[in-house]
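Data block below; observations after.
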Amino acid sequence: MHKLASQSGSSLTGKIRVPGDKSISHRALMFGASAVGETRITGLLEAEDVLRTSSALRSFGVSIKRAGEVWCVNGVGVGGFASPPDVIDLGNSGTAARLLMGLLSTQNVTAHLTGDASLRSRPMERVIEPLSRMGANFNFMGSGRMPIVVHGSAEPIPIEYNMPVPSAQVKSAILLAGLSAPGKTIVNERSATRDHTENMLRSFGANVVVDTLRGGGKRIELEGYPELVATDVTVPGDPSSAAYPGVAALLLPGSDVTIEHVGLNSLRTGLFKTLVDMGADIEFQNKRDSAGELIGDITFRYRPLRGTHVPADRAPSMIDEYPIAAIAGAFASGETRLCGLGELRVKESDRFSGIIDGLNACGVSARADKDDIVIEGCGGPPTGSAEIATKLDHRMAMSFLVMGMGTQSPVVIDNAAAIGTSFPGFLDLMTGLGGNFGLPDE
Ligand code: S3P
């Protein structure tokens with residue numbers, strides 16, 4: 001645990017890249033592990049969460065090596081995992097936990113999974129229920145939380161599943177279980193969530209058919225027992241990470257920051273849309289295709305923001321970006337209403353309460369209205385002068401550091417170590433742009 005203070009400094013300027021996309025990195029390792037042959041991954045996110053997935057896969061018998069900048073995965077083929085000899089600690093990573101539970105649940109293996117205090121508090125029932133219907137058994141104490149022992153099924157059953165909550169992790173867990181089930185596994189989602197699993201499975205050779213439903217949802221059909229073939233993967237910069245330097249530039253007068261090679265999959269870019277609604281000066285350039293994913297360069301320039309109303313149906317495309325969106329709302333003029341945020345209560349921390357408490361501590365009026373968060377923007381720099389309890393949550397830590405870059409007095413976070421979960425090099429990158437961080441005065 002180490003505290004860190006963020007205080008206002010100069011404007012931010014520069015051209016940068018952010019580390020690789022976390023969701024795509026987890027999947028590239030998992031699909032490479034389930035393919036035959038060598039998958040070569042460029043731009044893998046080398047952060048705590050993804051490294052947990054890589055070491056879990058090694059303990060299932062998969063060879064993963066780093067050769068210079070490239071990660072080489074020698075897969076064991078669909079259904080080829082071995083039972084791991086030891087307990088697997090997935091750290092802070094909900095994506096590793098839920099996707100690996102899916103992969104394991106239709107293979108003839110037993111694995112004992114656990115995680116840090118944050119992951120052990122997060123609901124796993126949402127994957128246990130459908131995966132049990134596919135034939136897996138789970139042992140756990142209490143109410144569907146880690147630690148969990150997964151007993152994969154030797155005779156898996158494909159299912160058709162109607163998603164009760166929008167969740168790419170749950171959808172992906174079921175599809176990954178469907179790889180080792182005979183026949184068709186079908187997932188219906190009322191709101192479309194990030195589709196990296198579908199895109200990447202296809203590029204590894206699986207037969208995945210996606211139909212758009214009336215109202216914008218999706219029906220995803222996967223044919224079981226595909227022969228997955230090793231494929232090279234280039235991981236784009238993570239739009240969720242680009243959000244921090246991007247919003248910081250929008251808030252600090254005189255700033256002009258370009259972030260190159262960022263993933264722009266439309267199921268991930270709800271924050272950018274929201275910021276444009278707030279009047280932000282954001283320019284997209286060089287939009288291009290990179291291995292099936294849209295990428296581009298984004299320039300963020302300072303301009304005063306105004307409050308906005310973010311509809312609930314935008315939540316899946318900016319689900320990880322509400323903490324930083326709330327910071328933008330705090331600096332904007334007028335009210336910002338972020339709607340339909342029930343899912344934020346079960347992220348790496350209870351972000352719903354954390355956002356409200358953190359903003360209030362920094363002198364910003366913010367309140368809950370059922371599942372909405374309502375923020376009265378300050379129309380400029382809020383007071384700051386607060387210490388934020390980040391509760392092992394990397395996104396809360398980075399968001400409140402961005403807050404402190406523009407507040408009247410510094411903002412301190414209680415634990416900067418959590419940032420390593422998704423964004424190694426965050427502090428150096430932000431300092432290079434003009435950010436000002438240091439140990440708090442005590
Ligand atoms: C992710 C899906 C989202 C997101 C998480 C990554 C993924 O979680 O919050 O950071 O890679 O599939 P949910 O599926 O719980 O919404």
Side-chain angles (χ1 to χ4, degrees), residues 19-31 44-45 47-50 52-53 90-103 115 118-119 121-131 144 161 163-177 187 189-201 218 220 235-236 238-244 263 265 267-271 293 312-325 340-352 354 392-399 418-419 421-423:
D21 189 281
K22 183 153 76 68
S23 294
I24 294 178
S25 294
H26 281 296
R27 286 161 173 82
L29 289 170
M30 290 184 200
F31 299 168
L44 187 88
L45 171 65
E48 188 65 28
D49 266 21
V50 175
R52 296 282 181 172
T53 285
L90 297 170
N92 194 257
S93 182
T95 306
R98 296 189 176 121
L99 270 59
L100 288 174
M101 283 169 74
L103 266 180
S118 156
L119 186 57
S121 73
R122 299 183 66 187
M124 294 295 150
E125 191 56 47
R126 52 182 60 196
V127 285
I128 290 174
E129 193 266 318
L131 296 176
Y161 193 70
M163 299 273 296
V165 284
S167 166
Q169 290 179 355
V170 176
K171 168 178 69 176
S172 300
I174 297 166
L175 292 174
L176 293 184
V187 180
E189 51 178 11
R190 262 176 291 148
S191 312
T193 60
R194 66 190 70 192
D195 57 0
H196 307 303
T197 295
E198 297 89 309
N199 296 342
M200 208 186 287
L201 273 177
K218 295 269 170 76
I220 304 119
V235 182
D238 197 327
S240 298
S241 297
Y244 304 102
N265 179 319
L267 295 167
R268 296 288 300 281
T269 50
L271 173 73
E293 292 281 349
D313 64 9
R314 198 177 294 166
S317 68
M318 55 179 287
I319 191 67
D320 291 334
E321 280 66 75
Y322 283 101
I324 190 69
L341 302 188
E343 273 294 297
L344 290 199
R345 296 191 170 91
V346 291
K347 291 295 177 189
E348 284 83 330
S349 68
D350 174 354
R351 289 181 183 160
F352 191 92
L392 297 177
D393 189 329
H394 52 131
R395 300 206 189 280
M396 294 297 283
M398 290 186 279
S399 297
I419 295 169
T421 294
S422 68
F423 200 154

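In what follows, residues are counted from 1 in the order of the sequence shown. Everything numeric here is computed off the predicted structure, so don't read it as measured data. Counting starts at 1 for both ligands and their atoms, following the listed order.
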How far is [atom] from its nearest protein heavy atom, and which residue and atom name does that atom have?
{"atom": "atom 10 (O) of ligand 1", "value": "Asp320 OD2, 2.7 Å"}
{"atom": "atom 2 (C) of ligand 1", "value": "Gln169 CG, 3.6 Å"}
{"atom": "atom 11 (O) of ligand 1", "value": "Ser23 OG, 2.7 Å"}
{"atom": "atom 14 (O) of ligand 1", "value": "Ser167 OG, 2.6 Å"}
{"atom": "atom 6 (C) of ligand 1", "value": "Thr95 OG1, 3.4 Å"}

Contact check: Glu343 vs ligand 1, nitrogen or oxygen atoms, below 3.5 angstrom: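 In fact, backbone or side chain, Glu343 has no N or O that close.
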Do ligand 1 and Leu99 have nitrogen or oxygen atoms that lie under 3.5 Å from each other?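 It does not: no N or O of Leu99 is found under 3.5 Å from an N or O of ligand 1.
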Would you indicate whether the side-chain heavy atoms of Ile324 and Met398 approach each other to under 4.5 Å?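 No, side chains not in contact.
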Minimum side-chain heavy-atom gap Arg98-Met124 below 4.5 Å: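 The answer is yes; the side chains approach within 4.5 Å.
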One residue to check: His26. Relative to ligand 1, which of side chain, backbone, both or neither has a non-hydrogen atom less than 4.0 Å away?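 It is neither part, as no heavy atom is under 4.0 Å.
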Check whether the side chains of [X] and [Y] place a donor and an acceptor atom closer than 3.5 Å, and report yes or no.
{"X": "Thr421", "Y": "Glu48", "answer": "no"}
{"X": "Ser422", "Y": "His394", "answer": "yes"}
{"X": "Lys171", "Y": "Thr193", "answer": "yes"}

Within-shell test, Arg27 vs ligand 1, heavy atom, strictly < 4.0 Å: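 It does, in that a heavy atom of Arg27 comes within the 4.0 Å cut-off of ligand 1.
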In Å and rounded to the nearest 0.5 Å, what is the NE2 to CZ distance from His26 to Arg52?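 His26 NE2 to Arg52 CZ: 11.5 Å, rounded to 0.5 Å.
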Numbered atoms and elements of ligand 1 in range of Lys347, under 4.0 angstrom, heavy atoms: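 Answer for ligand 1: 3 (C), 4 (C), 8 (O), 9 (O), 13 (P), 15 (O), 16 (O).
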Under the salt bridge (Lys or Arg N to Asp or Glu O under 4.0 Å) test, which residues partner Glu125, sequence neighbours left out?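 Per chain and number, Glu125 pairs via salt bridge (Lys or Arg N to Asp or Glu O under 4.0 Å) with no residue.
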